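Inspection log for the structure reproduced underneath, given as structure tokens.
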Amino acid sequence: MRIGFLFNHDAGHQVAHSVGILRAYARANAGDTVVALVAPPLQGAVRAGLGDARVDWIDFRPGTVAGIVAPVLDRIAPFSRKSALAANLDVIAGLDALVATERTCLWARRKLGSRAPAFIYIPHGAGDRGVTYHQELAQFDLLLVPGRKYVEAARAAGLIDADNAIGIIGYPKFDTLARPSTPDRLFDNDNPVFVYNPHFDPYLSSWYDFGPRLIDWFSGRPDYNLIVAPHVMLFRKRFHWSLEYRTGRLRPDLPASASAPNILVDVDGPRLFDMSYMRAADVYIGDASSQIYEFMTTPRPAYFIDSHGVPIRHWRAGPVATSLAQLAAMLRDFKAAGARFASAQRALLDETFDSSPIPASERAATAIAEFMAVPKVQRAC
């Protein structure tokens with residue numbers, strides 16, 4: 001077998017969700033050829049996650065002409081990702097399976113037709129947005145998901161039928177990024193640390209209407225520390241378009257108050273991906289990001305900003321505000337809110353992440369090997 005693992009993005013937020021599976025598969029299946037197909041911006045992160053695994057390495061990038069215009073076109077669309085797929089179609093056709101953490105790769109499947117390998121999907125997060133169960137996911141042959149909520153939602157959305165399969169593996173990112181004995185100390189005081197984690201979607205995100213004003217508010221509260229840790233894609237573009245909600249908006253910039261001594265801002269650093277900020281914070285403030293589930297592994301106070309009127313499943317984990325004034329009033333009671341919502345957070349975690357003494361990466365590697373051992377005509381749900 002030739003099993004490919006695709007890392008085709010310009011940001012590193014997806015790497016930790018599948019690099020551990022690559023490593024586990026290579027160690028457990030020495031007779032197979034494991035291929036890492038890696039875009040240039042991700043090569044350092046992928047190499048760091050490989051350990052002693054033996055893999056074939058493919059420099060996964062667009063062709064020469066596409067590479068020249070990519071820096072401009074990437075600001076409005078995933079141009080580099082699709083161009084890299086187009087430039088490497090024959091490489092993908094030479095695989096028996098391709099493991100990926102996002103849907104863009106399905107363009108290659110449609111292009112290759114009968115030459116396409118099996119396509120296997122690993123979610124890059126634990127989210128509750130509608131797009132988490134996008135209809136295109138039905139085009140994958142195998143979906144490997146963190147817990148039972150995904151199976152229930154995928155079946156309800158019609159993503160699973162006689163032509164594909166779904167399996168529960170747990171959350172591989174937890175294997176890749178071991179929990180430190182103590183969280184990082186990010187401020188030189190003992191004041192409460194809040195993390196603000198806005199999404200990039202222009203319809204669901206609180207950043208567009210509330211973000212800069214929230215930072216202004218914290219800058220005037222030196223008794224609170226604030227980490228501003230948005231989804232990495234928020235500051236990759238000035239204009240964001242939501243295909244799901246047919247909405248586009250210009251992203252507001254950071255306010256001058258973001259330089260206050262009690263505020264730490266990180267819009268593209270590696271700590272956005274390794275759960276450092278989720279572990280260091282005492283209180284979470286967010287909207288649609290699935291990183292709330294990484295924060296809740298230790299139940300703590302969480303607050304959500306509703307800027308759009310569409311309820312999100314994980315808002316059961318804490319109070320929901322519809323204005324900055326309402327949120328500010330709620331935050332005064334954050335310790336009591338943490339205790340009040342602890343049981344709801346544990347219930348959300350239980351339905352989202354399946355626990356097992358076997359690491360999720362190893363469970364995924366076994367599931368892939370077992371799936372691929374079945375003749376193609378017999379693979380079914």
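Here the structure is a predicted model, which means the values were calculated and not measured.
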>> For a 4.5 angstrom cut-off between non-hydrogen side-chain atoms, does F295 reach S289?
In response: no
>> I want to check something: taking the side chain as every heavy atom from C-beta on, are I92 and F60 in contact at a cut-off of under 4.5 Å?
In response: yes
> Which residues pass the side-chain hydrogen bond (donor to acceptor under 3.5 Å, both in side chains) test with D282, sequence neighbours left out?
Replying inline: none
> Can you name the side-chain hydrogen bond (donor to acceptor under 3.5 Å, both in side chains) partners of S257, sequence neighbours left out?
Replying inline: D216
> Any side-chain donor-acceptor pair under 3.5 Å between N8 and E102?
Replying inline: no
> Nearest heavy-atom pair of I166 and A154: which atoms, and what distance?
Replying inline: CD1-CB, 3.9 Å
>> To check you understand the geometry: which heavy-atom pair defines the closest contact between L95 and L98, and what is its length?
In response: CD1-CD1, 3.7 Å
>> I'd like to know if R363 and D175 make a salt bridge, using a cut-off of under 4.0 Å between side-chain N and carboxylate O.
In response: no
>> Quick check: do F218 and I285 have side-chain heavy atoms less than 4.5 Å from each other?
In response: yes
>> Can you tell me how the ring of H314 sits relative to the ring of F304, calling it parallel under 30°, perpendicular over 60° and tilted otherwise?
In response: tilted
> Rounded to the nearest 0.5 Å, how far apart are CD1 of I21 and CD1 of I3?
Replying inline: 13.0 Å
>> Are F200 and S205 packed together at the side-chain level, in the sense that at least one heavy-atom pair is separated by less than 4.5 angstrom?
In response: no
> How close do L159 and H134 get, heavy atom to heavy atom, and via which atoms?
Replying inline: CD2-O, 3.4 Å
>> Applying ring pair (Phe, Tyr, Trp, His ring centres under 6.0 Å), can you list everything that pairs with H9, at least two apart in sequence or on another chain?
In response: H13
>> List the residues meeting side chain to side chain contact (heavy atoms under 4.5 Å, CB included) with A321, not counting sequence neighbours, and say none if there are none.
In response: Q326, L327, M330
> Mind checking whether W207 and Y196 have parallel, tilted or perpendicular rings, split at 30° and 60°?
Replying inline: parallel
>> How close do G12 and L42 get, counting heavy atoms only, and between which atoms?
In response: CA-CD2, 3.6 Å
> If you measure from OG1 on T104 to NZ on K82, what distance do you get to the nearest 0.5 Å?
Replying inline: 6.5 Å
>> Does anything in residues 259-273 form a side chain to side chain donor-acceptor pair (under 3.5 Å)? List the pairs, not counting sequence neighbours.
In response: D184-R271, D266-Y277
>> Applying ring pair (Phe, Tyr, Trp, His ring centres under 6.0 Å), can you list everything that pairs with F210, at least two apart in sequence or on another chain?
In response: none
>> Test of understanding: with ring pair (Phe, Tyr, Trp, His ring centres under 6.0 Å), list the residues that count as partners of F273, not counting sequence neighbours.
In response: none
> Can you name the residues that form a side chain to side chain contact (heavy atoms under 4.5 Å, CB included) with S242, not counting sequence neighbours?
Replying inline: D201, P202, E244, Y245
> Of all residues at least two apart in sequence or in a different chain, which pass the ring pair (Phe, Tyr, Trp, His ring centres under 6.0 Å) check with F140?
Replying inline: Y121
List the atom pairs, donor and acceptor, that lie under 3.5 Å between side-chain atoms in residues 335-349 and the rest of the protein, sequence neighbours left out.
{"from": "Q345", "atom 1": "OE1", "to": "R300", "atom 2": "N", "distance (Å)": "3.2"}
{"from": "Q345", "atom 1": "NE2", "to": "R300", "atom 2": "O", "distance (Å)": "2.7"}
{"from": "Q345", "atom 1": "NE2", "to": "A317", "atom 2": "O", "distance (Å)": "3.1"}

> Are F194 and F334 close enough that their ring centers fall under 6.0 Å?
Replying inline: yes
> Does a salt bridge link K149 with D354, judged by any charged N lying under 4.0 Å from a carboxylate O?
Replying inline: no
>> Quick test of your reading: applying salt bridge (charged side-chain N to carboxylate O under 4.0 Å, His left out), list the pairs with at least one residue in residues 23-37, sequence neighbours left out, ordered by first then second residue.
In response: R27-D52
>> Please list all pairs meeting side chain to side chain donor-acceptor pair (under 3.5 Å) that have one or both residues in residues 110-119, counting only residues at least two apart or in different chains.
In response: D90-R115, R110-Q139
> Does the ring centre of Y293 sit less than 6.0 Å away from the ring centre of Y171?
Replying inline: no
> Between atom CE of M1 and atom CE of M372, what is the distance when rounded to the nearest 0.5 Å?
Replying inline: 4.5 Å
